[in-house]
Amino acid sequence: MKKILLLAITALTLVSTCGDLKPKILTNKPSCTETSAGRLEVSDQNTSFEEFKESFLTDMWALNPSAAIYVGYYKHDSQLEIPNKERDQKQAEFNQRILNKAALYHRACLSRNNEVDLALIKNYIKASIWYRQTFKGHEWNPSVYNVAGPLGLILNTDYKSLEDRLRAINARLTRVADYYQAAKLNITVPTLEHTDLAIQQNSGALSLLTQSLPKAVAGSSLSVEEKKHLEINTASAIAAIENYIAWLSEKRDLIAQKGARDFRIGKTLYEEKFRQEITSSHKAKDLYERAKKEKSKIHYEMIIITDALWPKYFPGQLMPREPLLAVKTLINHLSAKHVQREHFVTEMKQQISQLETFIIEKDLIDVDQSKPLIVRATPQYQRGVSVASINAPGPYDANATTYYNVMPMENLDEAKAESYLREYNHWIMQVLNIHEALPGHYTQLIHANKSPSKIKSIFRNGAMVEGWAVYAEKMMLEEGWGEQEPELWLMHHKMHLRVVTNTILDYETHVLGMTREEALELMIGEAFQERAEAEGKWRRATLSQVQLTSYYNGFSEIYAFREELKQHLGDQFSLKDFHNQFLSYGSIPVSTIRELMLEDLGALE
Ligand code: ZN
Ligand code: ZN
């Protein structure tokens, strides 16, 4: 894939450099023997680096058995790590050991793939040190302590016999009391918001232990003895969780009187978290400023479309004088155009194949037709989270099938179904399919899997992944999907406005002290959101930091980079080559892709 774009540039540079291309491509990187102190051959560092990566992962999962379960690594499923000083110490030693080892490798002596993996490993270690020593969420966010997640996964994932999974659960349960004891010692002055969340989520954990688990135990073929042990350990785990909830409630009363920690993390921590998490080449403040400008631009474009469409949908009716109100009125009116609920899944299926045809006809990006996306109604146990989502296999199960889960509307009550169908109306449905499937998340995933790397999929960059899907929405419309229909552009702008507003909301909340009222006014008044959606988003903004900016950040970096290359390459620019090469590096930060791509191109100049 990389070659195609290289060739395009070659044609351009040939004129000035007069040939001799082959050696230049080959000397893309300095020779390893020149730079490495150990005078290793290129292949030697790659071989030993592969071993280093494996041992890094093995040790990391041994230290983090619960996190391992989330990526499908079950070797340590019976171990519950206790968040105490001893574990801290072990993690610190691990961090140092990895940094020391990583320092022995030279970028220039590694393949491109390994070079990126090395950077990702270093970033992970540095971030984990920063979170521990500076951010200190473990001191003020009591919701980081919850034993239920991994227990639920062990119970509900069929990776070995039910009996063996119950044995793993039993072993974990014996440590729950120690776990919450250590948690209480870590917590100093929490925020009210995270304390409430912790109380709520740990109460949820109780239902797993009082209902789902006993039911599974009863239906298993464990011996009477084993069942007895499980029963006793479950009871003591329940007592430990109840004790933690009671302790938190008391703590809550205390901090409500004496002063809680502000959930707003402030400018310094925000900028640093932004740097760690997004790995952007810009500052959070720059992104925020850009988002504000973009908001005005989108409003302007929406008003122009509304002006033009008004007589078509409201003939003889005066347009509201407040322009944003006119936009909102039109969006509401258009939302009535949607599929019948019994046709929802079928319609989504059909649209996926239309999108594929369009992408192939317009030659926008490589499509792997040997692996068609399987569209299905969301399985019962996964329902209730989103209307449509890509269900991708984890890094330790990379060959499993990828599904496109679509929520069936048949079983919803009339009002609820109608509200979903209006939200995912005729036009928004198209944008949704582009974002989730083609050429959004699904296409990106297929391309990333062409050079499979556990490191890249474990430490995948959320801003790149979400940014790509948001970029795909705009790119498809630009290339003529929907034939420039103004209604579709209007709905696209509405979706895009949400992404931009997320960034503004997050920054203003954490850095500039935005209040709840101001936030709701922004989302409802200026981004056309429903009250329920806006209230949910406000809650999310109080509980998370930076994550809400990842969509717009990734999008704006990808879009800006594309325009930059277009400018640079002129007639030689090919959209398809750009897309293929951009995705070939895997799910890594956009700023890193840009650097590598420019390096790959620059080597020829
Ligand atoms: Zn309707
Ligand atoms: Zn997405």
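Atoms within a ligand are numbered from 1 in the order they appear, just like the ligands themselves. As a basis for the values below, the full set of heavy atoms in this structure was taken, side chains included, without hydrogen atoms, waters or symmetry mates. All values derive from a computational prediction rather than experimental measurement.
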Among the N/O/S atoms of Glu466, the Zn ion (ligand 2) lies closest to OE1
Give a yes/no answer: is there an N/O/S atom of Glu436 under 2.8 Å from the Zn ion (ligand 2)? no
At the Zn ion (ligand 2), what's the angle from His441 NE2 to His435 NE2, rounded to 10 degrees? 100°
Could you go through Asn433 and Gln351, starting from their C-alpha distance and side-chain angles, then the distance that decides it, and tell me whether this counts as side chain to side chain donor-acceptor pair (under 3.5 Å)? CA-CA 8 Å; Asn433 281 328; Gln351 213 168 80; 2.7 Å; yes
For Asp117 and Ser453, does a side-chain donor sit closer than 3.5 Å to a side-chain acceptor? yes
Under the side-chain contact (heavy atoms from CB on, under 4.5 Å) rule, collect the residues that match up with Asp413, sequence neighbours excluded. Ala415, Lys416
Do Arg341's NZ or CZ and the ring of Phe344 fall within the cation-pi criteria of under 6.0 Å and 45°? no
